[in-house]
Amino acid sequence: MLYAGRLDREKGIEVLIDAYESLGLPPDGGCLVMAGAPRNHREPEAGHAYAASLRARTDSRSCLWLGWVPDTKALYRAADVTVLPSLTDEPFARVTLEAMASECPVLVSAVGGSPEALTGEFTRYLIPPGDSEALATALAGLRDWRQRCPGLGMACRDH
């Protein structure tokens, strides 16, 4: 599972961490990959403290913190799912579109421009913002999708 974006409270990262932990995956059952860095230009110390608090909430055996990654294409291709659990409006769903173009399904909060990007059969991947239980259910539903629905990656790219 991949999160790619800035480490900021409005991005709903706590919701993702809670959902991931509620799945109760064994150590070899998956990994949460976090690609991003804090960007709080007014209070840089607060941004770094927030990032440290997120790291402290996760188990280092099942969560990999990469920091800022300039080219995320390889991450999207390696991920089974990309998650963007934003709590506030995302005006343009760039991460959503990049992940889907890389044949990676996405789970996205139904805020801002995301509902415009996920239409038709992909509306099922829109999650209520702040709902870690709904996110966990959706994550569980995408588990082993490559075996159960091998055409999903191509459908994401085509969309």
Side-chain angles (χ1 to χ4, degrees), residues 1-23 30-44 46-48 50-51 53-54 57-58 63-143 145-146 149 151-159:
M1 295 169 216
L2 172 66
Y3 170 84
R6 76 179 183 279
L7 304 181
D8 191 302
R9 289 188 192 284
E10 68 185 26
K11 293 295 191 171
I13 300 165
E14 293 95 338
V15 174
L16 173 56
I17 292 170
D18 290 345
Y20 178 75
E21 289 176 351
S22 75
L23 293 174
C31 181
L32 177 58
V33 177
M34 307 295 280
R39 284 194 295 176
N40 188 331
H41 301 294
R42 285 180 239 136
E43 299 178 38
H48 291 291
Y50 175 67
S53 74
L54 292 173
R57 289 187 60 183
T58 59
C63 187
L64 178 62
W65 292 86
L66 300 178
W68 181 73
V69 176
D71 186 1
T72 53
K73 285 182 233 145
L75 293 177
Y76 294 132
R77 290 205 177 265
D80 288 320
V81 61
T82 297
V83 183
L84 188 61
S86 297
L87 300 174
T88 60
D89 288 352
E90 293 282 344
F92 180 69
R94 192 186 96 223
V95 168
T96 301
L97 300 177
E98 288 175 349
M100 291 181 75
S102 299
E103 301 181 12
C104 181
V106 295
L107 295 173
V108 184
S109 291
V111 295
S114 295
E116 295 172 23
L118 293 179
T119 58
E121 69 177 293
F122 294 99
T123 59
R124 66 182 181 222
Y125 299 131
L126 290 168
I127 307 301
D131 192 338
S132 61
E133 193 172 304
L135 180 54
T137 299
L139 285 167
L142 279 171
R143 196 150 188 211
W145 68 264
R146 293 179 198 277
C149 187
L152 179 58
M154 190 65 74
C156 288
R157 189 181 80 187
D158 291 347
H159 181 75

Sub-4.5 Å side-chain heavy-atom contact between R9 and L87: no
Side chain to side chain contact (heavy atoms under 4.5 Å, CB included) evaluation trace for L54 with W65: CA-CA 10 Å; L54 292 173; W65 292 86; 3.6 Å; yes
Non-hydrogen side-chain atoms of T96 and Y125 separated by less than 4.5 Å: no
Side chain to side chain contact (heavy atoms under 4.5 Å, CB included) between L107 and L84, worked out: CA-CA 6 Å; L107 295 173; L84 188 61; over 6 Å; no
Check: L16 and L32 side chains under 4.5 Å, non-hydrogen atoms: yes
Short side-chain to backbone donor-acceptor contact, T137 and E133, under 3.5 Å: yes
Minimal non-hydrogen separation, G112 against D89, with atom names: N-OD1, 3.2 Å
Test item: K11 and E90 side chains (from C-beta on) under 4.5 Å apart, heavy atoms: yes
Residue R94 excluded, over 12 heavy atoms near CZ under 6.0 Å: no
Salt bridge (Lys or Arg N to Asp or Glu O under 4.0 Å) between R143 and D80, worked out: CA-CA 8 Å; R143 196 150 188 211; D80 288 320; over 6 Å; no
Approximate separation, where rounding is to 0.5 Å, of C63 SG and M34 CE: 5.5 Å
Steps toward side chain to side chain contact (heavy atoms under 4.5 Å, CB included) verdict (F122, C156): CA-CA 8 Å; F122 294 99; C156 288; 3.8 Å; yes
Backbone N/O of E10 and side chain of D8: donor-acceptor pair under 3.5 Å: yes
Heavy-atom side-chain contact between R157 and M100 under 4.5 Å: no
Note, L75 side chain near V69 side chain (heavy atom, < 4.5 Å): yes
Minimum heavy-atom distance between G153 and W145, given as atom pair plus value: N-CZ3, 3.4 Å
Heavy-atom pair with the smallest gap, counting every atom of L7 and G36: CD1-O, 3.6 Å
Closest contact, heavy atoms only, P38 versus G47: CB-O, 3.2 Å
CE on M154 to CD on E103, rounded to 0.5 Å: 4.5 Å
E98 and K73 ion-paired at < 4.0 Å: no
Heavy-atom side-chain proximity of L139 to V81 below 4.5 angstrom: yes
Non-hydrogen side-chain atoms of Y3 and P85 separated by less than 4.5 Å: yes
Point-to-point distance, once rounded to the nearest 0.5 Å, from CG of L152 to CZ of R146: 9.0 Å
Nearest non-hydrogen partners of V95 and A4, listed with the distance: CG2-O, 3.4 Å
V83 and its side chain to side chain contact (heavy atoms under 4.5 Å, CB included) partner, picked from V15, I127, L135: L135
Backbone N/O of S86 and side chain of S109: donor-acceptor pair under 3.5 Å: yes
Polar side-chain atom of H159 near backbone of E121 as donor-acceptor pair, under 3.5 Å: no
Gap separating the OG atom of S114 from the CG atom of L97, nearest 0.5 angstrom: 9.0 Å
Taking every non-hydrogen atom, the tightest pair across A19 and S132: CB-O, 3.4 Å
